[in-house]
Amino acid sequence: MVGSPESKRYVEVIIDTAVRDLDRPFTYELPAEISAGVQVGSMALVPFNNRLSLGYVVGFPPRSDLSRIKSVSRIVDEPPLFDFDSMRLCKWIASHYLCPLSRSFHLVVPPGRSRKVKQLVSLAVRARDALIAVAGDDAAVKVVNELNSAGELDIDALKKLIGAGPAVTGVKSMEEKSLVKRRFALTRPAANARTRLVVHATPVASDWNAINKLPGRQREIVDELIARGGVEFQSDLLQSVGASHASLKSLAKKGVLEIAGEEVLRQPWLGASSGGAVRHKPNARQQAAIDRVSTVIEEGRHKVFLLEGVTGSGKTEVYIHSIEKALEKGKQAIVLVPEISLTPQTVERFESRFPGDVAVLHSRLGPGERFDQWRGARDGRYRVVVGARSALFAPLANIGLIVIDEEHEPSYKSDTSPRYNARDVAVVRARMAGAVVILGSATPCLESVERARAGLYERLELPKRIDNRPLPEVEIVDMRETGGAGEVPLLSRRMLDALSRAVEAGDQAILFLNRRGFSNYMQCRACGQIMGCDDCEVSLCYHSRGNMMLCHHCGMRRNVPPACPSCGGGPMKQFGAGTQKVEEELMKHVPGVTCIRMDADSTTTKDAHWRLLGKFRAGEAQVLIGTQMIAKGLDIPSVTFVGVINADTALALPDFRASERTYQLLTQVSGRAGRGLRPGLVVIQTFNPDHPTIKAMTGGTGTFIEAELESRSRANYPPFVDLVNVMVTSPEIAAASRSAERMRHILDTDLDGTGAIILGPAPAPLSRLRGLYRWHILVKSADLDKISDRLITAVGRFYDYSRTFPPGKSVKVSLDVDPVSLL
DNA sequence: AGCACGCCGACT
DNA sequence: GTCGGCGTGCTC
Ligand SMILES: [Zn+2]
Ligand SMILES: [Zn+2]
């Protein structure tokens, strides 16, 4: 490029802020000195409204008509944080989920590398001189004192120390007298590349004459290094020889070897491998699915497959063969599994088939490990990425296949902005990359079912379990008839009999306690007071461990009070069943039975979850009693009995997906039975045996899906309309309701004529969470794209209006597009 | 968001 | 007369 003064370069920058009306490109001049290597995705430090801000380069306009253009201060982190394809995906996410573009960039940038601009202030003169100069100015005196003791201070830290007002005015008045220096700095990233010292042998090391002249210790080092192929980490080499650093340095000086720092990837330890690569031969149905997927991958076309396979039908085998095909074509693959299923066993299934080629991204990784897995994927060291939701954004250059296992899982939906659903974004990413998607599930969500019917997705079915093993037989027990005149038992006669039989036959059993919409609680026997969370509108759950009460929504814990805090009466009593109660009940009726309990209580520590499952798998107990966490992924051949203690507690939840969820959960749990050689039996206890969801469990799932779709269609719910939940929150109860009402009026005018249906405002079913009062306004539309601009406008108008007529403290309005939970 | 400017009450 | 409150405007 010619460096003539006229050929100025410009960049468009998206400022890294969540503020909606700043979510647009700002144009800056790019000084020639720093313009080398700047690309889309580069991070730029730019002057922005009397301060410096970070932003992302999104474009290079050839010229600009703006009169006052500032220049980029500097480019941070040489290589760009994302590429053009990622930017395209981010733009789609921002426009679909109605979030600021900068927010969607956070999904694709390297993890742990985010930075913030901080303002540092320090004294420009001696403290005593400064004190004299500011005498009488209280704020400035405070600033001087703090800066004198701390040296240089972050302005935010100063605000915390002496208050925001004095900090700002004090610093400002001092700045006018040149008593303080202000400078901008970037925070350190949480993760950095790790370098280790590596020793390389030079040609001299193979020269016998030279080596034989070396002192003994040094010769040992060289021998060992050669034995290890001429390259080894310095620390490992020294340790194995038992030599000191001095001898190594001496060798380096003689030119026998070279020592250099090299970047290494940290490998997260996933636990011991449980076995070798078992290569199953696909059965006919599996092979048919594999062939179909392979054909499309071979053609290099984009396509979405809905792989509907009953529990135990071997969906993973289809995934693995499809991945093989993608790799064979020189492409890469992403496999998403629900966080809870991301166990060492799951990873092992892929790692054993693609040894050394699998990156794993999950929440248990430390920042450094996560960064390295990400980096390894970007640099082509791994070709398969397995992970939970956010692994969808793994930086693979040439994606051929994206697998979404258990595609119906609600955990694929993010509950923080951007509130994306990985299942849906996967389809978009694949479409942009010309890749194939496999959505796998035994119980696909109705959205996917409907899209398959419309011909948007191609359906592949695995209607039978592998090796022709039968699906478990399902029995429904009507709990209304079990109690007789007395109390309804926790475990019915039928349940106990069936469980005993399985255990006596030497098999294992699972008892499932549905916690959703049903939990234990503490209540005063005298006045009826129920112990609730201070910050949420829910009752606290009693946990025997530590005699504590815990809020399952915000994590608040509290000791059980000796007396009722409301009336001062006697001790509180526990109501509702926990796994412990189930165990007690079971022991009473089946003496000598051995149990393992798995719930939030028993799995508090990091690996307890996997450890307990491992014990059960190893046959150390006959019965596994657990909550939601045992519903998925468990594949234990000796489990022949599954008992569902309370099938219908989640049916009554105020959520249009309550039936669908219950159906999915019950199917998943039932699917744990009879996966081995002996057939399985499932007993489901219910108070609603005639409910379509429960009936669907004994056959006729097709009719259930049909009826459910029909009712969604009638009531105008997804998949037949697009849904947006407008969420209004505030720590003040009146502000929340007032604002929700105000927002409704704004929506009424802004959405007028679009045909959108507006419901509410209504207090959210979970009306208070983490100290915030919550209101919902539901917007239904035939076509989201037609109203999305108006929704953004409405939110903007709400905030504008709130500035002149504040409705109260910290009111927030957020938009949840395609909401999954309406609680 | 966050920073500066500007116009009004309550201090010297 | 000035100090500082926060309403308002703006950010290439
Ligand atoms: Zn009481
Ligand atoms: Zn809580």
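Checked options A:R389, A:E339, A:R370; the residue passing with A:S363 is A:E339 (criterion: side-chain hydrogen bond (donor to acceptor under 3.5 Å, both in side chains)).
Remark: the A:S417 side chain and the A:R103 side chain contain an N/O donor-acceptor pair separated by less than 3.5 Å. Side chain to side chain, A:T749 and A:R797 meet the donor-acceptor criterion of an N or O pair below 3.5 Å.
The side chain to side chain contact (heavy atoms under 4.5 Å, CB included) test applied to A:R51 returns A:F48, A:N49, A:S53, A:F184, not counting sequence neighbours. With sequence neighbours excluded, no residue forms a side-chain hydrogen bond (donor to acceptor under 3.5 Å, both in side chains) with A:Y773.
Aromatic rings of A:Y10 and A:Y28 (six-membered ring for Trp) have centroids beyond the 6.0 Å cut-off, not under it. The six-membered or imidazole ring of A:F105 lies away from that of A:F393, with a centre-to-centre distance of 6.0 Å or more.
Residue A:Q119 places at least one side-chain N or O closer than 4.0 Å to OP1 or OP2 of B:dC3.
A donor-acceptor distance shorter than 3.5 angstrom exists from the side chain of A:S739 to the backbone of A:A735, with no hydrogens or angles considered.
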Nucleotide by nucleotide, nucleotides 6-12 of chain C touches protein heavy atoms under 4.0 Å in the pattern (B base, S sugar-phosphate only, - none) --BBBBB
Nucleotide by nucleotide, nucleotides 7-12 of chain B touches protein heavy atoms under 4.0 Å in the pattern (B base, S sugar-phosphate only, - none) ------
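In this structure, the NZ atom of A:K172 is 12 Å from the P atom of C:dG5, given to the nearest Å. Rounded to whole Å, atom P of B:dA1 lies 18 Å from atom CD1 of A:I14.
Annotation: cation-pi geometry not satisfied between A:R20 and A:Y799 (NZ/CZ under 6.0 angstrom from ring centroid, within 45° of ring axis).
Screening residues 799-818 of chain A for salt bridge (Lys or Arg N to Asp or Glu O under 4.0 Å), with sequence neighbours left out, gives A:K413-A:D816.
Taking every heavy atom of residues 98-114 of chain A and every atom of DNA chain B, no pair lies under 4.0 Å.
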